[in-house]
Amino acid sequence: MKIISVVGARPNFMKIAPFIRAIKQHNQTCVNNEKSYIEHLLVHTGQHYDVRMSESFFQALNIPNPDVNLEIGSGSHATQVANTMIEFEKVLLKERPDWIVVVGDVNATLACSVTAKKLNMKVCHIEAGLRSGDMTMPEEINRLVTDRLSDLLLTPDKLSNENLRKEGVAEEKIKFVGNIMIDTLEANRIEASELEIMNIIQANLLDTDSAQAFIPLQEDEGISMPGEGSAKNRFAVLTMHRPSNVDTKEILEPILDFLTGEVAADMPIVWPIHPRAKKMLQKFGLWEKATECNNLILLHPIGYHEMLRLNMSATIMLTDSGGLQEECCVLGTPCLTLRWNTERPVTLKEHGGASVLVGNNINRIREEYQTALKTGRIPQRPELWDGNTAVRCVKAIVDYPN
Ligand code: UD1
C-alpha cells in the first residue's frame, strides 16, 4: 500500500510526526507480508517556509525530510490553494498512491483533499469533525470541505463524531481515534522538561532594542522582575496570529494595551511572535508600543520543546491557537482563548478542560484573567488522548475495506 501524507503549516508538523513513526512500527510487524507493507511519501506544500516555522520542527520532532516540497509560500488563500492543487496533482499522477492522508485544517488540508478526490483517490482526514460554526474562519471552510470529501474520518473526540453524524456522514467512515497532537506531547514531555526557561528566552529574544534588562536576573525555573507587585516565578505566555485578532487595528490595539498596561504589571509576558502578528503590529504603528514594554518579552517563533517547556510552568496562557488550547488541557495550564468560539469544545472548562473563551472584549478578558489567576493547574485527559492515537490511525487505514 502506498500512502502520501501532506503537511503545509506549523500545526501540521506535530500531527504528522507520530503518524510517520506509527507507519515505521507497522512495517516492522509485516516483514513477510508485502500486502500490508506501507510505502510512505511525505509532501510539504511549503506554506510555512521560515526555518523557525518549519525546518526546526522537522529536526526537533525527527520528521524525515519531505520527499517532495511544493514550495507554495505565502499568498492569498486562493493563490495558496490554487498553486498547491496544481503542484500536488503532478505528484499524485506520478505516484498514484492508494491513500492521501491530510491532517488538521490549514490550506494544504483543503487543497490536497480536493485534488485527490478529483483524481478519484482515497482521502483520510486526521482530526476530522471539529467545528467552530464560524464561517468567517478560513480553517472552518477547510474542515468542512475536507470532511465532506474524505473516505475515512479519524476524530479526536466523540463530540466530533456527533458533528459528522449531524452532517449526514455515513457511520462506517467515522472512526474515533483520539488526539494525535497528544502523542507528540507525551513523546516529548521529558525532553522538554529538561530545558531551562531562561535559556529558552535568551536564545530566542527578538532584537528589539528594548530595555528587557531584568531577564538574566534569575537562574532558577521562572522569571523574576524588579518592581512593585512582582511575584517570583510567575509568567504568562501569549500567542496570537488569527486574522480576527491581528488584522484589524481597532481589535489589536486594545488587546495590546491590556497586555502592556495590566498583565505586564502583574508578571512578565513571554510572546513568541508569529510573522503575521509582527507584520500587523508594524503596519498599524504599534510595534514600538510592544517593544517598549519591559515586561513584554518578545521572542522569535520558538520550537516545539521550548513552547512545551514554557507551557509546563506558565501561570497563565493567552492564545488564539487551537493546538495550545489542547496542550493546556492536558498540562492543566489555565488558558484564556482569545476567540468567541472554538472547534475544540472538549478543552473548555465546561467539558472539564482548562480553557475559557474570552473573545477580544477587554472587560471579558480582564474578568477571566482575574479568575484564572486564582485557579491552579488542573490537568485533564479527554478519552483516548493517551499518546497512542497514531497507531490507531494507521490501523484504521490498513483495516479499511477495499
Ligand atoms: C496558518 C493556518 C492556520 C494556523 C497557522 C499556524 C491556514 C488557512 N491557516 O495561518 O490555521 O493556525 O498557520 O501558524 O492555512 N509567513 C512568514 N513565514 C512563514 C509563513 C508565513 O513570514 O514561514 C508570513 C506570510 O508572509 C503571511 C503570514 O505570515 O503573510 C501568514 O501566513 P499564512 O500561511 O498565510 O497563514 P497563517 O496566519 O500562518
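Start at 1 and go down the list; that is how both ligands and their atoms are numbered. No hydrogens, no waters, no symmetry mates; every other heavy atom, side chains included, goes into these values.
- Ranking the protein heavy atoms by distance from atom 38 (O) of ligand 1 puts Arg276 NE, 2.9 Å first.
- Of all protein heavy atoms, the one lying nearest to atom 12 (O) of ligand 1 is His241 NE2, 2.9 Å.
- Scored by the side chain to side chain contact (heavy atoms under 4.5 Å, CB included) test, Glu140 finds Arg131, Ser132, Met135, Met137, Arg143, Leu144 as partners (sequence neighbours excluded).
- Taking the six-membered ring for Trp and thresholds of 30 and 60 degrees, Phe13 and Phe57 have ring planes inclined between 30 and 60 degrees apart.
- With no hydrogens or angles considered, no side-chain donor-acceptor pair links Glu306 and Asn204 at under 3.5 Å.
- Counting only N and O atoms by type, the side chains of Arg377 and Thr333 include a donor and acceptor under 3.5 Å apart.
- Scanning the protein heavy atoms around atom 32 (O) of ligand 1, the nearest turns out to be His48 NE2, 4.2 Å.
- Of all protein heavy atoms, the one closest to atom 9 (N) of ligand 1 is Glu139 OE2, 3.4 Å.
- Looking at Asn12, Asn107, Asp320, it is Asn107 that brings a heavy atom closest to atom 8 (C) of ligand 1.
- At a 3.5 angstrom cut-off on N or O pairs, Asn142 does not count as close to ligand 1.
- Close N/O approach between Ser74 and ligand 1 is found [any backbone or side-chain N/O within under 3.5 Å].
- Residue nearest to atom 2 (C) of ligand 1, selected from Val246, Leu110, Ile141, Val106: Val106 (by heavy-atom distance).
- Here the protein heavy atom with the shortest distance to atom 7 (C) of ligand 1 is Gln47 NE2, 3.6 Å.
- For atom 35 (O) of ligand 1, the nearest protein heavy atom (residue, atom name, distance) is Gln80 NE2, 3.7 Å.
- Side-chain contact of Ser54 with His44: a donor-acceptor pair under 3.5 Å is present, judged by distance alone.
- With sequence neighbours left out, Asn199 forms a side chain to side chain contact (heavy atoms under 4.5 Å, CB included) with Glu196, Gln202.
- No donor-acceptor contact under 3.5 angstrom links the side chains of Ser193 and Arg189, judged on distance only.
- For the residue pair Tyr400/Asp151, the side-chain donor-acceptor check at 3.5 Å is not satisfied.
- Residue Pro11 touches ligand 1 through its side chain alone, judged by heavy-atom distances below 4.0 Å.
- The protein heavy atom nearest to atom 16 (N) of ligand 1 is Tyr49 OH, 3.6 Å.
- In terms of protein heavy-atom proximity, atom 22 (O) of ligand 1 is closest to Pro275 CB, 3.3 Å.
- Using a 4.0 Å cut-off between charged nitrogen and carboxylate oxygen, Glu186 and Arg381 count as a salt-bridge pair.
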